[in-house]
S.K.: 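Handing you a structure now.
Every number for a ligand or one of its atoms is a count from 1 in the order of the listing.
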Amino acid sequence: MQLLDGKKLSQIIQERVYSQVKELKSKTGSVPGLAVILVGHDPASAAYVNMKKKACDKVGFYSVTHEMPEDISQDAIENTIKMMNTNPNIDGILIQLPLPPQIETTKILELVEPSKDVDGFHPFNVGRLTTGLDGFVPCTPLGVMELLKEYNIDVKGKNCVVVGASNIVGKPMAALLLNANATVEICHIFTDDLKKHTLNADILLVGVGVINLIKEDMVKDGVIIIDIGINRAENGTLVGDVDFDNVSKKCSYITPVPGGVGPMTIAMLLSNTLKAAQINADKRA
Ligand code: GUN
């Protein structure tokens with residue numbers, strides 16, 4: 001069994017981004033800019049935003065976080081997005097999800113200028129991904145593809161089983177795998193007999209947020225496991241969706257939690273924002 005080390009690869013990518021930021025700055029005089037909108041006080045969202053901000057600082061990006069109260073109006077968020085859409089110092093806009101129930105999330109995501117949609121959540125970019133065209137791709141599944149590539153794992157022709165069908169992870173994950181010529185199954189909360197499907201997996205990718213969802217009798221020998229879950233166990237430690245201690249014995253490769261997919265998400269946010277800045281600089285040149 002070999003660990004897929006997302007922490008190490010994330011550091012390598014961040015160093016690459018840092019040197020490309022320096023290059024961009026010497027050519028254009030400006031650095032990539034990321035605007036983050038954080039609504040309310042959910043501790044997990046605040047922690048994610050804090051990590052994203054720290055990563056931006058480390059690679060030399062300009063970043064600004066708009067913190068808004070839980071009872072904010074739709075109009076107030078929309079006005080902030082409109083401002084960011086036209087602000088030349090901002091190349092990427094990220095709206096930390098979930099938003100509170102009074103907010104129409106779809107409308108908010110649709111308002112982000114697609115060329116600044118570094119999370120890849122705008123229907124324009126979702127459409128480009130499903131048709132296999134270049135665009136912005138959601139950071140977590142993009143990070144998984146980079147991690148697989150780093151370890152020379154070719155998904156072409158492999159049975160890839162994605163557990164979880166969210167817009168942020170499961171659906172774009174399945175689209176990327178399909179674009180890379182994998183055979184893809186998507187399982188979700190209504191799937192009957194999950195084990196029947198997971199036993200088929202050459203590569204099993206799980207992102208649902210349920211501790212120990214995947215147990216050793218649910219996978220075949222030699223399986224590759226990508227654990228996209230991040231959960232807080234009763235003892236306070238971070239764990240994924242896979243019963244790591246027992247399942248890892250049967251794996252050829254597996255991602256640890258923490259240190260697997262999580263750091264890759266941050267690295268892809270940086271590389272998507274750099275890409276947006278490079279496109280904007282080319283447009284201005
Ligand atoms: N909430 C949970 N995951 C994500 C993510 O990748 N991006 C954003 N914007 N919000 C999230």
Side-chain angles (χ1 to χ4, degrees), residues 6 10 13 33-56 61 63-68 70 72 77-78 80-81 84-85 90-101 103-114 116-126 129 135-147 162 164-176 205-210 226-232 238 240-241 255 257-258 260-273 275-276:
S10 164
I13 292 168
L34 177 70
V36 177
I37 294 179
L38 172 63
V39 181
H41 296 288
D42 174 53
S45 287
Y48 288 134
V49 166
N50 194 30
M51 281 193 285
K52 289 169 185 177
K53 183 171 169 21
K54 273 196 190 146
C56 283
F61 285 7
S63 79
V64 57
T65 306
H66 294 270
E67 289 186 38
M68 299 178 167
E70 185 78 29
I72 191 90
I77 305 182
E78 290 189 2
T80 305
I81 295 171
M84 296 301 121
N85 278 345
I90 296 301
D91 299 291
I93 301 170
L94 183 149
I95 296 134
Q96 187 64 33
L97 301 178
L99 294 171
I103 302 297
E104 275 185 75
T105 300
T106 310
K107 255 182 96 186
I108 295 289
L109 297 179
E110 277 182 324
L111 198 62
V112 174
E113 160 61 39
K116 295 189 178 188
D117 175 35
V118 290
D119 248 340
F121 294 165
H122 190 291
F124 176 87
N125 284 312
V126 176
L129 172 60
F136 288 106
V137 176
C139 304
T140 299
L142 185 60
V144 170
M145 296 307 284
E146 284 297 311
L147 196 52
V162 179
S166 68
N167 290 337
I168 296 179
V169 176
K171 287 184 206 167
M173 187 75 256
L176 283 168
L205 310 98
V206 193
V208 291
V210 177
I226 307 294
D227 191 345
I228 312 173
I230 302 182
N231 311 290
R232 185 73 64 182
L238 284 182
D241 291 347
T255 56
V257 178
V261 175
M264 292 304 297
T265 297
I266 305 264
M268 292 303 102
L269 173 65
L270 299 175
S271 85
N272 278 353
T273 306
K275 172 175 158 175

S.K.: Do V39 and I103 have side chains that get closer than 4.5 Å, going by heavy atoms?
M.R.: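 No - every pair of side-chain heavy atoms lies 4.5 Å or more apart.
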S.K.: Check whether D241 reaches the backbone of I228 with its side chain - one donor and one acceptor, N or O, closer than 3.5 Å.
M.R.: no
S.K.: Mind checking whether Y48 has an N or O less than 3.5 Å away from an N or O of ligand 1?
M.R.: no
S.K.: With heavy-atom distances below 4.0 Å as the criterion, list the atoms of ligand 1 near L94.
M.R.: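 So the answer, numbered in order with elements, is 9 (N).
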S.K.: With nothing but distance in play, are any N or O atoms of Q96 less than 3.5 Å from an N or O of ligand 1?
M.R.: yes
S.K.: How close do V261 and D227 get, heavy atom to heavy atom, and via which atoms?
M.R.: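 Nearest heavy atoms, V261 then D227: CG2-O, 3.7 Å.
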S.K.: Return the residue, atom name and 0.1 Å-rounded distance of the protein heavy atom closest to atom 6 (O) of ligand 1.
M.R.: I168 CG2, 3.9 Å
S.K.: Looking at P263, is its backbone amide N or carbonyl O close enough to the side chain of S10 to form a donor-acceptor pair, meaning the two atoms are under 3.5 Å apart?
M.R.: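 Flag set: sc S10 to bb P263 pair under 3.5 Å.
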S.K.: Below 4.5 Å, heavy atoms only, C-beta onward: do N125 and P114 meet side chain to side chain?
M.R.: yes
S.K.: Can you list the atoms of ligand 1 that are under 4.0 Å from a heavy atom of D119?
M.R.: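 Close to D119: 7 (N), 8 (C), 9 (N).
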S.K.: If you take the nearest heavy atom of each of D42, V36, L97, which one is closest to atom 10 (N) of ligand 1?
M.R.: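 It is L97 that holds the nearest heavy atom.
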